[in-house]
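Data first, discussion second: the structure below is written as structure tokens.
Treat the numbers as computed from the prediction; the structure is a model and nothing was measured. Just so we're on the same page: letters track the sequence lines, and every chain starts at 1.
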Amino acid sequence: MSVETPVQPDTETPTQDETLAVDFKSSHRRNVLAWRDLVTPALVALVLVGLYVDISRRDLDTIESNVLNRESLTDATLQHIYVSVSIAVLVMLVAVPAGILVTRRRTRRLAPAVLAVANVGQAAPSLGLLALVGIYAIGFWPVVLILTAYSALSVLRNTIVGLEGVDRGVLDAARGMGMSAAAVLMRVELPLAVPVIGAGARTALVLAVGTVPLGYALDAGGLGLPLFGAIKTNRPVVTFTIAVMIAALALLMDWAAGILQRAATPKGIR
Amino acid sequence: MPENPTTVEPTETGKQTGPAAHDARGVPIVLSELTKTYPGQAKPAVDAVSMEIPAGEIVVLVGPSGCGKTTTMRMVNRLIEPTSGTITIGGDDVTHLDDVQLRRRIGYVIQQIGLIPHLSIAQNVALVPKLLKWDKARIRSRVDEMLTTVGLDPDDYRDRYPRQLSGGQQQRVGVARALAADPPIMLMDEPFGAVDPITRSRLQDEFLSLQQQLGKTIVFVTHDFDEALKLGDRIAVLREGSKIAQYDTPEQILAHPADEFVESFIGEGAALKRLNFERVDSLPLQDDSVQTRETVDVSSTLHAALDLMVGKGLRQVTVARDGRPVGMVRVDDILDRVNRPAEDPTA
Ligand SMILES: Nc1ncnc2c1ncn2[C@@H]1O[C@H](COP(=O)(O)OP(=O)(O)OP(=O)(O)O)[C@@H](O)[C@H]1O
Ligand SMILES: [Mg+2]
């Protein structure tokens, strides 16, 4: 059945005389990356290059060229990424533990209350909230906190669904083998819930990328300020460019997070 | 199922003593007045059950769906806490033991198998030894040993993931995992329920021969009475509330069902089933002057002998020991035995 090839740990070198056994090996050691992962960045790159070519052919006035230059766009984009990722990380730090809490037997009773809070966070009009808070405080943290509250629900809900979706038989066996409750959580439940929790995290990240511009008035940085500036000063070319960039950013961040999610998913269920 | 005459020793209530009973590795389990009432339910799921499970024996709990078999079993490893009553294992009250530590000393096999999907087969089998902090080399050799024991080639299966195995193979891994840390006790809840009849029968045979070597104390839950007959050293027929309708050896239950409930559980063909527990050499063999084409071994069951005769349309077959004819058994001898069961099967 098996082929006498030298053992090479952690590498895959398909040879011509592959037998079934070797096939099996390569199939359950599916790589994190696949060719289709190139589709999204390729499309985004195509759009951005097209946009770049188009803009570089235009005559821009001072206001326009103040915004549409490499330096300020790079700055704004990096800030945008920084704020969005901060929000996503904070969402994970809050919503995953909350999801764990409300799926434990002893604290299950808290579920309705926790879900209600998260619902309020999402249902509250973020723009209004940002404007309101903007009167008292500006900068990075107010924006991050408000938008965290806004996007926490998706991760919370997915954490609950992911943990409750773990097969009862698997949990029963794990407990029956003598794993402590903490070990069952860390080594069985969470790893198995990674795909679902990860999907929630991607939603939160995309939400963050799309809502960070709303915080422009609070001076948290990002692509919001040039976007709304262009709207106010009636510069449709700039508005269009920034809007496309935000969309491209959302796609790329979702793409990167998707790969991260796959990498974090244990091999056996990938 | 009388053993080879030299090893059979008569004991109280005709209790069967396989080689398992002499193995010190199993420990007895005693349930007394064990009761479980689930919260919000009026009637207890398990109602004051008392039962002794002797060391090294397979005790099968059999009964209708919902009668409390699983609940009873899961109280032994404290996955469920009893409402009242006690369980002792080898004399120790389990409620005085740390539940997590306790479970590491009790093998556990369930119908859903419950292999952990993101762990390889080797990691699944290594689970309890790892929890017990065995060193790596010992774990590795133990994993290979256990996979071999349950009939899976370690080189082929070690690195696979559960989803890459068939149901029957997964069930073998489930058994290997439960046995890995060599626990004196095994709890098995319908372990062969989810596989096809042929695979089930093979798993049962392998399980029996494994138990011959290991001599664990095994609590086995099923609602298949034929499985209970095949595997059990003793069978507890349970009715609702896990109340014991009868607790005895398979032969005794077949020969003397305690009441109608037990009878209904045995179902049709009790007489034929009984023939499964008697060997050809328990009959007085006729002389072998007439040779027949078909032969049965002395160790065959009367059931097998009768089946052969019915199938081939014969009134008698030759009985052979080690391939040499030693006598003959006739249909009439078997019919006599059915109608007038041996009073004491061990005599
Ligand atoms: N967690 C639970 N909460 C409430 N009631 C339960 C719970 N588990 C079981 N029961 C009830 O207790 C009774 C016994 O259940 P149990 O699972 O022990 O039956 P069983 O004999 O194993 O049945 P089956 O052969 O169908 O597996 C049933 O009436 C069931 O509805
Ligand atoms: Mg059950």
Side-chain angles (χ1 to χ4, degrees), chain A residues 1-5 7-10 12 19-30 105-106 108-109 162 165-198 262-270, chain B residues 70 73-74 76-80 97-121 123-132 153 155-165 170 173-174 177-178 180-181 183 186-191 194:
Chain A
M1 223 358 202
S2 67
V3 173
E4 257 52 65
T5 45
V7 186
Q8 294 167 307
D10 294 342
E12 274 184 70
T19 65
L20 205 65
V22 177
D23 261 340
F24 226 129
K25 265 208 155 145
S26 55
S27 81
H28 75 70
R29 295 180 53 188
R30 192 178 308 160
R105 205 153 42 105
R106 282 157 207 254
R108 189 160 293 234
R109 291 167 291 126
V166 175
D167 185 85
R168 296 287 108 188
V170 170
L171 291 184
D172 188 36
R175 242 160 47 88
M177 296 287 122
M179 289 176 87
S180 64
V184 173
L185 173 66
M186 298 306 292
R187 287 165 50 195
V188 180
E189 293 183 82
L190 283 176
L192 288 176
V194 160
V196 185
I197 297 176
R262 228 180 302 149
T265 304
K267 267 199 299 191
I269 57 170
R270 198 140 70 204
Chain B
T70 298
M73 199 187 84
R74 285 162 59 93
V76 175
N77 64 357
R78 290 186 60 196
L79 285 172
I80 295 176
L97 304 171
D98 178 74
D99 57 344
V100 168
Q101 296 296 331
L102 171 76
R103 289 180 203 130
R104 295 175 187 174
R105 294 186 10 222
I106 300 179
Y108 187 54
V109 189
I110 52 177
Q111 176 169 357
Q112 308 90 307
I113 309 175
L115 297 184
I116 299 174
H118 65 287
L119 299 184
S120 70
I121 298 307
Q123 287 171 320
N124 266 284
V125 175
L127 215 81
V128 183
K130 239 186 207 147
L131 291 170
L132 293 173
D153 176 8
D155 290 334
D156 206 354
Y157 289 91
R158 200 183 305 141
D159 296 325
R160 290 200 198 183
Y161 287 98
R163 60 165 184 194
Q164 296 169 324
L165 265 58
Q170 290 188 23
V173 177
R177 180 176 65 175
M186 296 274 283
L187 304 178
M188 308 181 78
D189 195 351
E190 302 193 40

Shortest non-hydrogen separation from [X] to [Y] and the atoms involved:
X	Y	result
B:Gly114	A:Ala173	O-CB, 3.4 Å
B:Leu131	A:Gly178	CD1-O, 3.5 Å
B:Val100	A:Ser180	CG2-CA, 4.1 Å
A:Met177	B:Arg104	O-CG, 3.7 Å

[atom1]-[atom2] distance between [X] and [Y], expressed to the nearest 0.5 angstrom:
X	Y	atom1	atom2	answer
A:Ile269	B:Ile116	CD1	CD1	12.0 Å
A:Met179	B:Lys130	CE	NZ	10.0 Å
A:Arg187	B:Leu127	CZ	CG	6.5 Å
B:Leu115	A:Asp167	CG	CG	10.5 Å
A:Arg168	B:Gln112	CZ	CD	11.0 Å

Given the options B:Leu132, B:Leu102, B:Leu79, B:Val128, which has more heavy-atom pairs under 4.5 Å with chain A than any of the others?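 Maximum pair count with chain A is reached by B:Leu79.
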Would a 4.5 Å heavy-atom cut-off, applied to side chains only, mark A:Asp172 and B:Arg74 as touching?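 Yes, their side chains come closer than 4.5 Å.
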Out of A:Pro191, A:Ala183, A:Ala181, return the one with the most heavy atom pairs under 4.5 angstrom to chain B.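 Ranked by heavy-atom pairs under 4.5 Å with chain B, first place is A:Pro191.
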